[in-house]
Amino acid sequence: MDLKNVLNEEQYEAAINIEGPLLILAGAGSGKTRTITYRIAHMIKDLDIKSYQILAITFTNKAAKEMKDRVRSLIGEVAENMWISTFHSLCVRILRREIEKLGYTNSFTIYDFFDQKTLVKQCLEILKINTDNFDVSEVIRRISKYKNEFVKPIEALSRESGYREKIFAQIYELYEKKLFENNSLDFDNLIFKTIELFEKCPDVLTFYQSKFKYIMVDEYQDTNYAQYYLVKLLASKYKNICVVGDDDQCIYQWRGADINNILDFEKDYKDTKIIKLEKNYRSKANILNAANKVILNNLRRKDKVLRPINSEGENIKVFKASNAEEEALFVANEIVRLIKNNGYEYKDFGILYRTNSQSRMFEEIFVKNQIPYKLIGVVRFYERKEIKDVIAYLKTIINPSDEISLRRIVNEPKRGIGDVTVDKLSEYANQNSISLFDAMVACSEISTISARTGNTIKEFSKIILDMREKMDLKPSEFIKLILEKVGYMTFFKTSKDSEAQTRLENIEEFINAAVNFEDLNYGCSIEEFLENITLVSEVDKYDENASAVTLMTIHSSKGLEFPVVFMVGMENGIFPSNKCFDEPDEMEESRRLCYVGITRAKNLLYLTHANVRMVYGETNFRTKSKFLMEIPSNLIMNVTFGGEERVSNSSGEVRTFGKFSPTTPFNKPKEIQNDISEDEVKIGRKVHHKTFGEGMICKVENSDGKTRIYVAFDNNGVKKLELGKTPIKFI
DNA sequence: GAAATTTGCATTTTT
DNA sequence: TGCAAATTTC
């Protein structure tokens, strides 16, 4: 391969240094993925390294897929045997083969956050711990922390001395025991158990060490201790380890990512070669310089600077809005203007914010102005109740020990197996040391359960047992069959719930997802399908070609780029958050986040902040973000809504900046749901209620300054509602 | 049990 | 403020 022609000098060096430890410090937009894919292609094509000897680890499935596609396009199907995967899917793959050595069975299920929550609640109940002092999420965080640091329950118990800490360790111990009994693993366990497996079975470790002669890890700055340790174990035989990362982009410390992993890489691996990729191909020079200046304020970082390849570009546009609404209007207006005058498309815009709750105002304004947008990362499809129920059915069938899933669906749809019955079954199961499901099968042995309930239980367990015989069906067929057998669809079809229709559609969508998966993975099993949906995130599904503006948190934007970026809510207290002002580490992480946000922009960068904003129900004056002040003023251009602008450079000159087009389809915001003016309330008008669905106003009543309306709902009869208090919208 | 009402609480979430 | 969870009410 003619690498010299397609790579720059540093990239070339990175691509040809194959033996021994290599640290690639790759700044944002420096052609990192390109370098890695050529590196792999070079190894296979020029050096005759076998593809099955290569392991490449990424953080997202999307990144893994992209890398695989790009390698494939360079060298063709030989790439197929290469392991390119996320940490988690790598571990699942190993564990599915070997976990029996740890006493689990290979049909183990993976628990998501919600399953974890349920399990922790169970643990707290068993240990009789008052939930006032021990918040479930806090417990999960602590447990996760232990696992990220590879601390086993026994070690946690012996190391903790504080009163609370001891209790956390106790919960951790029980939680692990329960997970084991359920033959289930949580996300952190996938990595934890793989390490445990390697420690316990040196022959297994040796096998993988020998297999993976060449290892690459992307986004190394965001690895936690457990991941670091796992990589270290795997790489210790050949030490052909290449890690790629950017300490300035470490934004997951709060989740256990240890920035020292990248900062100390040279200490960990003797004779490390370091290559810096500092040429930035993505952003205009002004944008890049701003990013460089901001990040310079961090103390703990590797010395490097991003050098622009592109021209200066326009100045960074800063807009001070009087309030949140104006901020959103401004953004909407700019989008419309740029599309009209400068040939941009909707998909060229990314709106980035610190917290998901900030998206609301933008959505509202975009809806009103018919700007198509896609929201990433708020309500995840697989987190909807009905979808989780279907998944719980699958998990119950696949893994007979999974009590969490079984409990979830045992009375869903309602079939008369309530809490009392489940408690009886559970007690029997404990006494006889069998699983809850086996207790159900043997329910006739339990004297306290009536014959009628017993029959229902038998009927239910028979369905599950029958389904276990049908696991060779295609996933979509399998899902359809189970739903039919338990009458789930019929339940929704006859349900009065106004959400029923949506739920039904979601389930159909879920079946479609199964069909899609089958098409892409011929002959795949239900287990594979299930695994895929548990391990795939929202950002993975981000479609860069969809014609819509993207709204997402800065965190989710890592690895993406947009021709035009709006970073909104640039105010102290939001970004950086209040906490950062007390904790320097948090401030630095926040600054890195700011750096990530800025470097997403290719051509234009907008930073907006509001003078007044409502936060937690309180309206207060706001100050502009500390980070904004860190950008040299000669790179900034203050803009105003209408069109004129003021340049805040030293010379104080004023230029004109894109006039507001009169044809811009712009409406001032109209009613928000709760301040509907009374004269709009007319009999016959159609409304939508949050819980009751659609209906029509049939009577209006005015008394003591309140307006009450009577609405005949399509599915829920007539309700009397107070205007302004009830969540309705006109349709 | 479901619906209405009150209370509480509030970053970021690659898997 | 706006929401989800907890609690009370019907």
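Just so we're on the same page: letters track the sequence lines, and every chain starts at 1.
Taking atom CG of A:Asp112 as the reference point, atom P of B:dT13 lies 16 Å away to the nearest angstrom. Per the geometry, CD1 belonging to A:Ile417 stands 17 Å off C1' belonging to B:dG1, to the nearest Å. In this entry the distance linking CD of A:Glu363 with P of C:dG2 reads 14 Å, nearest Å. Here C:dT1 presents its C1' atom at 11 Å from CE of A:Met361, a figure rounded to the nearest Å. Between A:Glu364 atom CD and C:dT1 atom P the separation is 14 Å, expressed in whole Å. For the pair A:Met552 CE and B:dT13 C1', the interatomic distance rounds to 14 Å; values are reported in whole Å. Regarding A:Gln358, its CD atom lies at a distance of 15 Å from the P atom of C:dG2, rounded to whole Å.
Legend: salt bridge (charged side-chain N to carboxylate O under 4.0 Å, His left out) pairs involving residues 112-123 of chain A, not counting sequence neighbours, sorted by first then second residue: A:Asp115-A:Lys395. Applying the side-chain hydrogen bond (donor to acceptor under 3.5 Å, both in side chains) definition to pairs two or more places apart or across chains, none involves residues 579-588 of chain A. For residues 138-148 of chain A, the set of pairs meeting the salt bridge (charged side-chain N to carboxylate O under 4.0 Å, His left out) definition, not counting sequence neighbours, comprises A:Glu138-A:Arg141, A:Glu138-A:Arg142, A:Arg142-A:Glu165, A:Lys145-A:Glu149, A:Lys147-A:Glu176, A:Lys147-A:Asp186.
The same atom, P, is picked in B:dT12 and in C:dA5; the two are 15 Å apart, to the nearest Å. On the C1' atoms, B:dT11 is 24 Å away from C:dA6, given to the nearest whole Å.
Between A:Arg360 and the phosphate of C:dC3, there is a side-chain N or O to OP1/OP2 separation shorter than 4.0 Å.
Base-pairing analysis of DNA chain B finds the following stems of at least three consecutive Watson-Crick or G-U pairs, with both pairing distances under 3.5 Å: B:1-10 with C:1-10.
In this structure, a donor-acceptor pair under 3.5 Å is present between the side chains of A:Tyr111 and A:Asp402.
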Which protein N or O atoms sit under 3.5 Å from an N or O of nucleotides 8-12 of chain B?
{"unit_1": "B:dT11", "atom_1": "O4", "unit_2": "A:Glu586", "atom_2": "OE1", "d": "2.8"}
{"unit_1": "B:dT12", "atom_1": "OP1", "unit_2": "A:Asn356", "atom_2": "N", "d": "3.3"}
{"unit_1": "B:dT12", "atom_1": "O2", "unit_2": "A:Arg354", "atom_2": "NH2", "d": "2.1"}

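For A:Asn506, the side-chain contact (heavy atoms from CB on, under 4.5 Å) test picks out A:Phe381, A:Arg384, A:Glu386, A:Ile387, A:Thr502, with sequence neighbours left out. Every side-chain contact (heavy atoms from CB on, under 4.5 Å) that A:Ser89 has, sequence neighbours left out, goes to A:Asn61, A:Ser85, A:Thr86, A:Leu535. By the side-chain contact (heavy atoms from CB on, under 4.5 Å) test, A:Thr355 pairs with A:Ser357, A:Gln358, sequence neighbours left out. With sequence neighbours excluded, the residues forming a side-chain contact (heavy atoms from CB on, under 4.5 Å) with A:Ala321 are A:Phe319, A:Glu326, A:Glu327, A:Ala610, listed by chain and number.
Within 4.0 Å of A:Asp188, counting heavy atoms only, lies no atom of the nucleic acid at all.
With ring centers used as reference points, A:Tyr228 lies 6.0 Å or more from A:Phe265.
Anti is the conformation of B:dT6, whose glycosidic angle sits further than 90° from 0.
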